[in-house]
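Just so it is clear, the values below take in all heavy atoms, side chains as well, and ignore hydrogens, waters and symmetry mates. Numbered from 1 within each chain, the chains take letters A, B, ... in sequence-line order.
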Amino acid sequence: MTENTQQSPRNGGPNSIPAQLPTQYAPAEVEGPLYERWVERGYFEAEATSEKPPYTIVIPPPNVTGSLHLGHAFQHTLMDALTRRKRMQGYESLWLPGMDHAGIATQNKVEQQLAEEGKSRHDLGREEFVERVWKWKQEYGGKILGQMRRLGDGVDWSRERFTMDEGLSKAVQTIFKRLYDDELIYRAERIINWCPRCLTAISDIEVEYQDDDGELVSITYGEGEDTLVVATTRAETMLGDTAVAVHPDDERYAHLIGKRIKLPLTDRTIPVVADTHVDPEFGTGAVKVTPAHDPNDFAIGQRHDLESMTVMDERGVITVHGPFEGLDRFEARSAIVAALREQGRIVAEKRPYVHSVGHCSRCKTTVEPRLSMQWWVKVGPLAQAAGDAVRDGRVKIHPEDMSKRYFDWVDNMHDWCISRQLWWGHRIPVWYGPDGEIVCVGPDEEPPGTEAEGWTQESDVLDTWFSSGLWPFSTLGWPEKTPDLAKFYPTDVLLTGHDIIFFWVARMMMFGLYAMDGRAPFHTIALTGLVRDEHGKKMSKSNPNSVDPLDWMDAYGADAVRFTLARGANPGADVPIGEDWVQASRNFANKIWNATRFALMNGATLEGELPPAEELSATDRWILSRLNTVVAQVDAYYDDYQFAKLSDALYHFAWDEVFDWYVELSKTTFMAGGPAADASRRVLGEVLDVTLRLLHPIVPFVTETLWTTLTGRESLVIAEWPADSGFRDAAAEREIETVQQVVTEVRRFRSDQGLQPGQKVPARLDLAGTQLAAHEAAMRSLLRLQPAGEEFTATASLPVAGATVALDLSGAIDVEAERKRLSKDLAAAEKEKAQANAKLGNEAFLGKAPEHVVAKIRTRLETAEADIERISAQLAALPKA
RNA sequence: GGGCGCAUAGCUCAGCGGUAGAGCGCUGCUCUUACAAAGCAGAUGUCACAGGUUCAAAUCCUGUUGUGCCCACCA
């Protein structure tokens, strides 16, 4: 990285460009080349050997199949702002990019492609298919990486990682082996969530529940005296029933407990068992038990040693010999109900019944609970540690109330089903021997035997979240002891959406603490909300409200999109965004552009020391005082992840104070010339320099373009973050406030009297008794007031804040309108005064209110009294009609 | 069924114990020599409802209504 002192070769030095700057900012022209320059110069590359303290963020790896949506743009903007600021603050700042192989999602994508060629993955075979997926990745994957460049993401491309990379795969195998040896990974037959379309098991959190309309049918089981009625929404599973359960204390069925009854449509009899799980109040109080196809029933089966009968294959097709064999589960449902009805076994006709049904989060297919042999992570001890790290404050969740959700899950976590019946992913490193041996193979070990000898490797792959759980350290080289790992682990902040607390955050916590000797992978978890449209509606790909951020970036620039998102980023809250708002941000960028243009045209400079306060005008001291206040504010907001507030503070400081007041007030100074003008040029340069630095992490492109032009230096990316100099000048702030008050009041009068903004009016300013003498020229300029000539006759007189502005409108003013207006204001001020007086006359208030509140009320009273005096004087000064 | 959150200007949201704020939108006047993607001026709210605590409540407590999200093995 070069010293940030050389002059930019492009523009040949400071301040030479103003004439070349067009009147409008054109983001499309500068953003692309600027980004490439940053990358070429290696600004985003972090050095493990650096002496600087590290600051690390790993990117939540987007799916290789993904493209940039507003949610990414949002989170990336915040992460980019954090890492850019830290870099400016002198940290060795690393934002590590990469992608997730996204097992099911990617496999689905490629299978889809194959389907278009009329093939299935089985036509290719496993090896060829996996090769095909890699090829797909090469060609179509990672589209999002290019889009990240467009956004301006300052990531270290030299450290880009992919969860299926060799190194990361080794990390996966290493931790699998370690967990296996620690007996934290095991294999067991359980009821799992099965997706009959993806043909794989999925974990509990990959199931999305939604209320579906179903039908509850009541069926008579048994014969003769020994009958009871059960209700079900999944009639097809009755073929696999191996019991009926009732509550042990339920007298209605006491005589049946222990007996066997006939299962309709089959030649089987099944026992009636007593189990406290059954709620006697619900339905008939009798439950059909299908251990192989329902998690509850499986548990009952375990307790009563029932047989588990699988009646469907992996596609959800009935496998039981007989009339229903070969039917899809939903066809079978109707067919079975029809058959039961024929036998007169349907007691109550189908009743509409809304109940919660699980769907595959990938393809929305209704999940089929299924008994199956799978691999599991025993989460107990891992989750305990993950919970404790937050409980004891080593890791902070921001905003804090999100931690409840974290604890709820971590403290009640079920074992995690990690095996997937897919081909794309990390293959489970376990080998099965000819004599039933099971051997887990570590990363540097050979398989225990060859296929010829009867050994086979487990065909399942791991849940994609297994590898992303290792992300904060696998990306840094773990399990090797690399310099990167030593320098950049633990990372600092994890910034991500609250929707993946369970999927990803909790798992990184578990694995990080486990693999890295109890060192949590980050000290702060900053959770963001979801991006929504301008009416707060959820954006989804299927909705017409879905927006491609690339379109907005093309139209308004990346900075505009970034600023809009940052400005909407209230901690943990959802972020609404609409095109109008992006436009407004574009306008802001343009405003900064033009203000800088103005500054350059007027010779704003950074050369030489900032003059000492005593050599500066009140206007200059005021803006410097405000500037430093804002620096401190912005720092505080950054440290609290208050992006909306810091963006807003900068927006208002820049636009309202610097551009609308300071720049306008300076115009007079510049025109007058002399040492005062020179000082102001230096101050304006300073104010813009610092403001651009402060804005840079959020709107990097426009600030970089302007700053390099202003300063002639190489880049703002590697410039220093501003520090609060501590300079404050309360007197100057008060003085300028008074100027603003006078100006605003006279403008109001002019506007109310229907004077055109540009119309010059002769005026006499009486500033005796105020500090405003120095500002007379500026005020006259802002207010379009001419010197009073010989003929001057005051037709209106406006006393305000101790000053009096007498105007010659050379004609009658609208006295009535003005009187009406002033009377209204007067009434308001008097009411205010009365209220303040009432408070100050209240002993209870005086006795209990804190001093600063009482002081505030006193000030309020004084202000009201001053207003009354001012307005009364103005009324008195009105010419008689 | 449990948990959490939210109800403030036309819209989207800040504020969370001491006189109601922002952006966009709206009204009027302006091409005032950086910017019309602009400038200036202006209008706009019984802070969901009902109780309570307090000298003081949009802000704290209780309840009601509406709304959103998360969790759960609702046959």
S.K.: Whole Å only: how far is the CG atom of A:D580 from the C1' atom of B:rC26?
M.R.: 14 Å

S.K.: At under 4.0 Å between heavy atoms, what does A:F502 touch on the DNA or RNA strands: base, sugar-phosphate, or nothing?
M.R.: sugar-phosphate

S.K.: Between A:A231 and A:N594, which has a closest nucleotide on RNA chain B that is more 5'?
M.R.: A:N594

S.K.: When you measure from the side-chain N and O atoms of A:R821 to the phosphate of B:rG42, is any distance below 4.0 Å, counting only OP1 and OP2?
M.R.: yes

S.K.: Checking all strands, does A:K645 fall into the base, sugar-phosphate, or nothing category for heavy-atom contacts under 4.0 angstrom?
M.R.: sugar-phosphate

S.K.: Do A:R586 and B:rA37 have a side chain to base donor-acceptor pair shorter than 3.5 Å?
M.R.: yes

S.K.: Can a side chain N or O of A:Y209 be found less than 4.0 Å away from OP1 or OP2 on B:rC69?
M.R.: no

S.K.: So A:Q835, base contact, sugar-phosphate only, or nothing? Heavy-atom distance under 4.0 Å.
M.R.: nothing

S.K.: Please give, in whole Å, the distance from B:rG18 P to A:E851 CD?
M.R.: 17 Å

S.K.: When the distance from CG of A:N587 to P of B:rA36 is rounded to whole Å, what number comes out?
M.R.: 11 Å

S.K.: Does A:T233 reach a base, just sugar-phosphate, or nothing at all? Heavy atoms under 4.0 Å.
M.R.: sugar-phosphate

S.K.: Taking atom CD as the centre, does A:Q759 end up with more than 12 heavy-atom neighbours from other residues, nucleotides or ligands that are less than 6.0 angstrom away?
M.R.: yes

S.K.: Once you apply a heavy-atom cut-off of 4.0 Å, does A:P295 come out as touching a base, just sugar-phosphate, or nothing?
M.R.: nothing

S.K.: Give A:V663 one of three labels, base, sugar-phosphate or nothing, depending on what nucleic acid heavy atoms sit under 4.0 Å from its own.
M.R.: base

S.K.: Between the side chains of A:E830 and A:K833, is the shortest nitrogen-to-carboxylate-oxygen separation below 4.0 Å, so that they form an ion pair?
M.R.: no

S.K.: Answer yes or no: does a side-chain N or O of A:W655 lie under 4.0 Å from OP1 or OP2 of B:rG39?
M.R.: yes

S.K.: Any N or O donor-acceptor pair linking the side chain of A:Q583 to the base of B:rA37 at under 3.5 Å?
M.R.: no

S.K.: Have a look at A:E534 and say if it touches a base, only the backbone sugar-phosphate, or nothing, with a 4.0 Å heavy-atom cut-off.
M.R.: sugar-phosphate

S.K.: In a check of side-chain hydrogen bond (donor to acceptor under 3.5 Å, both in side chains) between A:T290 and each of A:T232, A:D241, A:T242, which one passes?
M.R.: A:D241

S.K.: In whole angstrom, give the distance that lies between atom CG of A:D660 and atom C1' of B:rA34.
M.R.: 12 Å

S.K.: Please report the closest heavy-atom contact between A:A829 and A:I868, naming both atoms and the distance.
M.R.: CB-CG1, 3.7 Å

S.K.: With a 4.0 Å cut-off on heavy atoms, is A:T596 in touch with a base, just the backbone sugar-phosphate, or nothing at all?
M.R.: nothing

S.K.: For A:K404 and B:rC69, give me the distance from atom NZ to atom C1', rounded to whole Å.
M.R.: 14 Å

S.K.: For A:R750, report the nucleic acid contact type (base, sugar-phosphate, nothing); a contact means any heavy atom under 4.0 Å.
M.R.: nothing

S.K.: With a non-hydrogen cut-off below 4.0 angstrom, is A:P369 in contact with a base, only sugar-phosphate, or nothing?
M.R.: nothing

S.K.: In whole Å, I'd like the distance from the NE2 atom of A:H498 to the C1' atom of B:rC6.
M.R.: 13 Å

S.K.: Provide the distance between the two C1' atoms, one in B:rG3 and one in B:rU19, to the nearest whole Å.
M.R.: 39 Å

S.K.: Do the non-hydrogen side-chain atoms of A:L688 and A:L710 ever get within less than 4.5 Å of each other?
M.R.: yes

S.K.: Taking the nucleotide of RNA chain B with the nearest heavy atom to each, does A:K667 or A:T284 sit closer to the 5' end?
M.R.: A:K667

S.K.: Could you check how far CD1 of A:I577 sits from P of B:rC13, rounded to whole Å?
M.R.: 13 Å

S.K.: Taking 4.0 Å as the cut-off, does a side-chain nitrogen or oxygen of A:R860 come that near to OP1 or OP2 on B:rU19?
M.R.: yes

S.K.: Just checking A:H535: base, sugar-phosphate only, or nothing, at a heavy-atom cut-off of under 4.0 Å?
M.R.: sugar-phosphate

S.K.: Once you round it to whole Å, what is the distance between C1' of B:rC4 and CG of A:D499?
M.R.: 16 Å

S.K.: Are the aromatic ring centres of A:Y556 and A:W552 under 6.0 angstrom apart?
M.R.: no

S.K.: What does A:A584 touch in the nucleic acid at a heavy-atom separation under 4.0 angstrom: a base, only the sugar-phosphate, or nothing?
M.R.: sugar-phosphate

S.K.: Please work out if A:V230 contacts a base, only the sugar-phosphate, or nothing of the nucleic acid, heavy-atom cut-off 4.0 Å.
M.R.: nothing

S.K.: Measure distances between side-chain N and O atoms of A:Q24 and base N and O atoms of B:rA36, and say whether any donor-acceptor pair falls under 3.5 Å.
M.R.: no

S.K.: OP1 or OP2 of B:rU12 sitting under 4.0 Å from any side-chain N/O of A:K537?
M.R.: no

S.K.: Taking atom P in both B:rC47 and B:rG10, compute the distance separating them and give it to the nearest angstrom.
M.R.: 12 Å

S.K.: Considering every strand and a 4.0 Å limit on heavy-atom distances, what is the contact class for A:S356: base, sugar-phosphate, or nothing?
M.R.: base

